[in-house]
Amino acid sequence: MLDVGSFESRTCHGVSRRAFVRAALSAPFVWGLSARSGSTAVAEHPKAKSILLVWLGGAPSHLDTFDPKPKATAEYRGPFSTIPTCTPGVRFTELLPKLAARSHRFSLVRTNVNYDGDHLIAGSIALTGARPGPRGYEPNFGSILVRQRGGGQLPTFISLAKGPIGDGRGPLLGFGGGAWGKVYDPFMVWCSEEGKVDIPDLKLLDGLTPARLSDRRLVLQELDRVRRQSDQAMSEHWNKLYQRAYALLASAEARRAFDLSREPENIREAYGHTSFGQSCLLGRRLVEAGVPYVQVNWSQFVEVFYPFSDYGWDTHADNFGLLADWHCPLLDGVFATLLDDLEQRGLLKTTLVVCMGEFGRTPRINDIGSRDHWHQCYFSIWAGGGVLPGRVVGESDPRGEYPATEPITPAMVGTTMLELAGVTSAARAELRVLEGGRVIHELV
């Protein structure tokens, strides 16, 4: 089932209840916006046809996951033992046995750094590659990519969460178009633990029934009426937006991509019955359908104990209990399944998978036996899409506090992602994005 706004519409045999689109200008979607005329933006044969970003909002502890320090003193190393991986000499904590057994499928960066320890600011920097400047926040990596690519029946930048991600104070300001405007924001989709897909940005228009959906002239007349009542500042983009909104429900191909009931039950079981697990499955379906940029969010909010929380990684209290009982078993099982699934379907070669959060957590355990924010050193995971697997890039110091080798900046992360996706240095210069960034050569 596909839940569109507050109504349901069947995806196998047409629309079962009143279901139509209201393209809300307050939440525009990046959908098939084509490259500018004459742009040399995209390499002819990019290594990564799609980017799948797994965003661990709230910031996981690097010492308790992928960069353990078993020789450090007790106030640093934490309670977990370490286990060997498939990569000689590399160890993870005991909480990640499935990923340890698959380390030959991905490469690990251990010296990521950020410029701020606040979730909203650091998250925006991590997803844009830059601090905010005179024109505000820079565009998200996904916004940059989709500006350079044409589109088909599906949105070209999709973020999987209940709504814009952030913390209790507000959303990340770098989650979308930033200085380029809302038209480059991601198309938001939420996937429940049962695999039910909800598209909150698509609402229903009164007076249109499923039987009238095929009457394109009537459809465009009604949407034109809504457009005239809307903010005229966005009118230059309106035609593309409502045409693509119409196309989502009108296209069987588009509806199929969002329909998890088409997956074999054993595949859905392997991903598990959590929103994160089913979202990763949906992310795989979307890149398989050709969506250029998909961001799978661990949770909408970074906090663990926020009201209506879906347990982000901000583990100021009970870090070790939460990691052992919830976060690491879930990440280990779901991310391992995602890598296996992409590999078995032949998609890993053409899909760049990146897994990271906005920063790490304090190497020194705090006074209540947990860990706080730490932006001076953390990890990221890279697989597929032109990345050389089975490598470890960089080394942190003996207590995991600072990089002992070259720091990997947010600009380097974004530059590497976009270069592998075919957005060339000439295109980045033309767009004035990621200035000063360079490719992480050790990964490619």
Side-chain angles (χ1 to χ4, degrees), residues 2 4 11-12 21 28-36 39 41-55 140-160 176 183-189 191 195 197 199 201-202 240-241 243-263 267 271 278-297 338-339 341-354 383-387 417-424 427:
L2 175 64
V4 184
T11 57
C12 296
V21 181
F29 4 103
V30 178
W31 208 337
L33 297 177
S34 60
R36 291 177 297 166
S39 173
V42 182
E44 187 175 352
H45 299 291
K47 294 180 180 179
K49 293 181 179 178
S50 297
I51 295 176
L52 179 57
L53 173 63
V54 178
W55 179 251
N140 186 286
F141 303 143
S143 303
I144 297 170
L145 177 60
V146 302
R147 182 167 177 171
Q148 307 307 312
R149 292 198 182 181
Q153 300 291 349
L154 285 164
T156 47
F157 177 12
I158 296 178
S159 183
L160 301 181
V183 71
Y184 291 102
D185 283 358
F187 183 74
M188 301 300 303
V189 177
C191 188
V197 175
I199 305 177
D201 285 347
L202 299 186
K240 287 180 187 253
L241 294 179
Q243 287 169 5
R244 296 304 182 186
Y246 169 81
L248 177 66
L249 291 183
S251 165
E253 175 189 359
R255 294 197 305 273
R256 280 196 299 270
F258 289 105
D259 185 6
L260 294 186
S261 69
R262 293 176 174 271
E263 289 290 327
I267 297 295
Y271 278 94
Q278 294 297 298
S279 293
C280 282
L281 173 55
L282 179 57
R284 189 270 290 163
R285 287 183 63 84
L286 292 173
V287 299
E288 191 172 29
V291 176
Y293 198 99
V294 179
Q295 180 171 321
V296 176
N297 299 291
L338 176 64
L339 293 175
D341 199 7
L342 289 168
E343 176 67 28
Q344 290 164 8
R345 292 172 180 271
L347 293 170
L348 192 57
K349 184 177 180 180
T350 58
T351 303
L352 174 61
V353 183
V354 181
V387 169
M417 291 169 67
L418 292 173
E419 186 74 26
L420 289 172
V423 183
T424 65

Legend entry - From CG (Leu286) to CG (Leu52), nearest 0.5 Å: 9.0 Å

Inset, instruction - Could you tell me the separation between the CG atom of Leu281 and the CG atom of Leu260, rounded to the nearest 0.5 Å? - result: 5.0 Å

Inset, instruction - Determine, for Glu288 against Arg256, whether the closest basic-nitrogen to carboxylate-oxygen distance falls under 4.0 angstrom. - result: no

Inset, instruction - Check Ile144 against Gln148 and note the closest heavy-atom contact, atom names and distance. - result: O-CG, 3.4 Å

Legend entry - Distance in Å, Ile158 CD1 paired with Gln295 CD, rounded so as to fall on 0.5 Å steps: 12.0 Å

Legend entry - Smallest separation among heavy atoms of Val296 and Cys280, with atom names: CG1-SG, 3.8 Å

Legend entry - side-chain hydrogen bond (donor to acceptor under 3.5 Å, both in side chains) partners for Ser159, two or more places apart: Asn297

Inset, instruction - For Tyr293, check ring pair (Phe, Tyr, Trp, His ring centres under 6.0 Å) against everything at least two apart and list the hits. - result: Phe157

Pairs under 3.5 angstrom only: tabulate donor-acceptor contacts from the side chains of residues 347-354 to other protein residues two or more places apart or in another chain.
| unit_1 | atom_1 | unit_2 | atom_2 | d |
| --- | --- | --- | --- | --- |
| Thr350 | OG1 | Leu347 | O | 3.4 |
| Thr351 | OG1 | Leu347 | O | 2.9 |

Inset, instruction - Please report the shortest heavy-atom distance between Ala421 and Leu145, naming the atom on each side. - result: CB-CD1, 3.9 Å

Inset, instruction - Taking all non-hydrogen atoms of both residues into account, name the closest pair between Leu282 and Cys191 and its distance. - result: CD2-CB, 4.3 Å

Legend entry - Least distance between heavy atoms, Gly386 atom then Lys47 atom: CA-CD, 3.9 Å

Inset, instruction - Please answer whether the main-chain N or O of Tyr184 pairs with a side-chain N or O of Ser143 as donor and acceptor at a distance below 3.5 Å. - result: yes

Legend entry - Gap separating the CG atom of Leu418 from the CD1 atom of Ile51, nearest 0.5 angstrom: 5.5 Å

Legend entry - Heavy-atom pair of closest approach, residues Pro46 and Arg149: CG-NH2, 4.1 Å

Inset, instruction - First locate atom CG of Leu154, then atom CZ of Phe187, and finally report the distance between them rounded to the nearest 0.5 Å. - result: 9.0 Å

Legend entry - Residues forming a salt bridge (Lys or Arg N to Asp or Glu O under 4.0 Å) with Glu343, sequence neighbours excluded: none

Legend entry - Point-to-point distance, once rounded to the nearest 0.5 Å, from CZ of Arg284 to CZ of Arg345: 3.5 Å

